[in-house]
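The structure appears below as structure tokens.
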Amino acid sequence: MYLVTGGAGFIGSNIVETLVEKGERVRVFDDFSTGDIANLAAVRDRVEIIEGDLRDMAAVRRAVVGVTHISHQAALRSVPRSVDDPLSTDAVNTHGTLQLLVAAREAKTVRRVVYASSSSAYGDSPALPKVEDQTPVPISPYAVAKLAAEHYCRTFSHLYGLETVSLRYFNVFGPKQSPESKYAAVVPLFMRAALRGEPIVIHGDGEQSRDFTYIDNVVQANLLSLTTPGVAGEVFNVACNSRHSALEIAQTVEKLLGHTVTIEHTPPRSGDVRHTLASIEKAERLLHYHPTVGFEEGMRRTFEYVRAHLS
């Protein structure tokens, strides 16, 4: 039995679908604060769903009963959100993860926990590409919380023998990523604005760049991390080893749309790093992870999804 926390969210629901397609039994744990039951429409009748909050230890304990593998995607996401509300970010992302680890250890059936960490843990060091043994210097409450939970995962592996793997995601995008929140990610926000004929809003000069990673690559990394032997306690970058600026994203959306768009610039956001680029050598070597969908193809697939689902 696989447990996917945050399984009704963007990344979690894509992992759920893939596990179900592979014939696995899957349980979803989600509080539906940002996740959407519609994300599970294709597999709704083939998964078990427990509605609950990571901060509720009784609910977490119920969720892990009989589970052998946990894909821990549940989190309060967004750097700006954490700047606005650091307390809830810590309560869910750090303490909630600790509660899940404690419950998994108590359950005695759990073989491995794969934890969704974040590239934000590296901070704003100018050294590129980011390598896993680089000293993290987080500059936002979100990054601090994600890094703290990573340390808990590693400690539970070494101290209690509960196998854990932490994955540092680099700007994931793809179908099911919602543009609705004020903390929404840049790709769906830009696409929705363009399709509605609205200006694309870029924070700062637009030269800030990220290692944008299509969802299929992230799902692949999670499945490999759940089952690959000999990697307990490790941390891996999940990315494509290429970077694109906010202006490039806007230009790609413009190209997919087929006509020009208006771009508006606003002041830079607090807590944002300037550039990210991942080394994926460790994941390639130990997990046999190899990105299968590149930036251009990922943007095309995402644009078609957003266009089809725009209400």
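It should be emphasised that the depicted structure is a prediction, and the values quoted were computed from it without experimental measurement.
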Report yes or no: do Leu19 and Val218 belong to one cluster of Ile/Leu/Val/Met/Phe/Trp/Tyr joined by side chain heavy-atom distances under 4.5 Å? yes

When the ring planes of Phe295 and Phe212 are compared, do they come out parallel, tilted or perpendicular, using 30° and 60° as the limits? tilted

Report the distance from atom OG1 of Thr252 to atom CE of Met299, rounding to the nearest 0.5 Å. 5.0 Å

Any chance you could measure Lys130, atom NZ, to Ser279, atom OG, to the nearest 0.5 Å? 12.0 Å

Do Phe190 and Phe303 have side chains that get closer than 4.5 Å, going by heavy atoms? no

Locate the shortest heavy-atom distance separating Leu162 from Ala104; write the atom from each residue and the value. CD2-CB, 4.0 Å

Can Arg111 and Glu163 be said to form a side chain to side chain contact (heavy atoms under 4.5 Å, CB included), step by step? CA-CA 6 Å; Arg111 298 176 200 160; Glu163 291 195 0; 5.8 Å; no

Donor-acceptor pair, side chain of Gln134 and main chain of Val131, under 3.5 angstrom: yes

I'd like to know if the side chain of Asn217 pairs up with that of Tyr169 as donor and acceptor (distance under 3.5 Å, no hydrogens or angles considered). no

Between Gln73 and the options Thr5, Asn222, Asn14, the side chain to side chain donor-acceptor pair (under 3.5 Å) test singles out Asn222

Hey, are Glu304 and Arg301 close enough for a salt bridge, meaning a charged N less than 4.0 Å from a carboxylate O? no

Considering all heavy atoms, the nearest Ala74-Gly6 contact: CB-N, 3.5 Å

Pairwise distance CZ(Arg77) to OG(Ser120) - rounded to 0.5 angstrom: 11.0 Å

Same apolar cluster: Leu286 and Leu224, side chain cutoff 4.5 Å: yes

Check the side chains of Ser117 and Glu150 for a donor-acceptor pair under 3.5 angstrom, ignoring hydrogens and angles. yes

Mind checking whether Phe236 and Tyr289 have ring centres under 6.0 Å apart? no

Would Lys176 and Phe10 count as a cation-pi pair here, with the cationic atom under 6.0 angstrom from the ring centre and within 45° of the axis? no

Any donor-acceptor pair under 3.5 Å linking the side-chain atoms of Thr94 with those of Asp90? yes

Does Asn171 offer a backbone N or O that forms a donor-acceptor pair with the side chain of Arg210 under 3.5 Å? no

For residues Val114 and Ile70, determine if any side-chain heavy atom of one lies less than 4.5 Å from a side-chain heavy atom of the other. no

Audit row: Thr109, Thr68, side chain to side chain donor-acceptor pair (under 3.5 Å) steps and yes/no: CA-CA 5 Å; Thr109 57; Thr68 57; over 6 Å; no

Closest non-hydrogen atoms of His265 and Gly204, given as atom of the first, atom of the second and distance, are ND1-O, 2.7 Å

Residues Gln208, Ser245; criterion side chain to side chain contact (heavy atoms under 4.5 Å, CB included); working and verdict: CA-CA 5 Å; Gln208 65 270 28; Ser245 70; over 6 Å; no

What I want to check is whether the side chains of Asp85 and Ser88 have a donor and an acceptor closer together than 3.5 Å. yes

Determine, for Tyr2 and Arg27, whether the Lys NZ or Arg CZ falls below 6.0 Å from the six-membered ring centre while staying within 45 degrees of the axis. no

Decide if atom NE2 of His95 counts as having more than 12 heavy atoms of other residues, nucleotides or ligands within a radius under 6.0 Å. no

Going by an N to O cut-off under 4.0 Å, is there a salt bridge joining Asp205 and Arg274? yes

Starting from the C-alpha separation in whole Å, work towards a yes-or-no answer on salt bridge (charged side-chain N to carboxylate O under 4.0 Å, His left out) for Glu132 and Arg168. CA-CA 9 Å; Glu132 289 87 348; Arg168 289 180 179 165; over 6 Å; no

Nearest 0.5 Å, what's the NE2-CZ distance between His203 and Arg269? 4.5 Å

Cluster overlap Val253 with Leu310, hydrophobic side-chain contacts below 4.5 Å: yes

List in chain and number order the residues that pass side chain to side chain donor-acceptor pair (under 3.5 Å) with Arg154, two or more places apart in sequence or in another chain; answer none if no residue qualifies. His151

If you compare all heavy atoms of Tyr214 against all heavy atoms of Gly174, which two are closest, and at what distance to 0.1 Å? CE1-CA, 3.8 Å

Applying the 4.5 Å side-chain criterion to the ILVMFWY set and letting contacts propagate, would Leu195 and Val187 be lumped into a single cluster? yes

Minimum side-chain heavy-atom gap Val92-Arg55 below 4.5 Å: yes

Ile249 and Val172: same hydrophobic cluster, using ILVMFWY side-chain contacts below 4.5 Å? yes

Please name the pair of heavy atoms, one in Asn39 and one in Ala8, separated by the smallest distance, quoted to 0.1 Å. ND2-O, 2.8 Å

Non-hydrogen side-chain atoms of Ile215 and Ile11 separated by less than 4.5 Å: yes

Could you go step by step and tell me if His72 and Leu54 meet the side chain to side chain contact (heavy atoms under 4.5 Å, CB included) rule? CA-CA 10 Å; His72 178 33; Leu54 280 173; 3.6 Å; yes

Looking at Thr262 and Pro199, would you say the former's side chain and the latter's main chain have a donor-acceptor pair under 3.5 Å? no

Within the 3.5 Å criterion, strictly below it, is a donor on His244 or Ser209 matched to an acceptor on the partner's side chain? no

Taken to the nearest 0.5 Å, the spacing of Gln99 CD from Met57 CE works out to 5.0 Å

Salt bridge or not for Arg300 and Glu296, using N-O below 4.0 Å? no

Asp124 vs Val137, side chain to side chain contact (heavy atoms under 4.5 Å, CB included): CA-CA, chis, key distance, verdict: CA-CA 7 Å; Asp124 208 12; Val137 188; over 6 Å; no

Rounded to the nearest 0.5 Å, what separates atom CG in Leu128 from atom CG in Asp211? 10.0 Å

Using only atom types and a distance under 3.5 Å, with no angle test, would you say the side chain of Tyr115 pairs donor to acceptor with the backbone of Lys146? yes

Please examine the side chains of Tyr122 and Asn237, heavy atoms only from C-beta on, and report whether any two atoms are closer than 4.5 Å. yes

Main-chain N/O of Tyr142 paired with Ser82 side-chain donor or acceptor, under 3.5 Å: yes

Should Val261 and Gln251 count as side-chain neighbours, where that means a heavy-atom distance under 4.5 Å? no

Heavy-atom nearest pair, Ser178 first then Pro188, reads O-CG, 4.1 Å

Evaluate the side-chain proximity of Val110 to His69: yes if any heavy-atom separation is below 4.5 Å, no if none is. no

Can you confirm whether Phe156 is buried at CZ, in the sense that more than 12 heavy atoms of other residues, nucleotides or ligands lie under 6.0 Å from that atom? yes

Do Glu254 and Ile200 have side chains that get closer than 4.5 Å, going by heavy atoms? no

Please check if the side chain of Arg46 supplies one atom and the backbone of Gly23 the other of a donor-acceptor pair under 3.5 Å. no

Salt bridge Lys282-Glu234, side-chain N to carboxylate O under 4.0 Å: yes

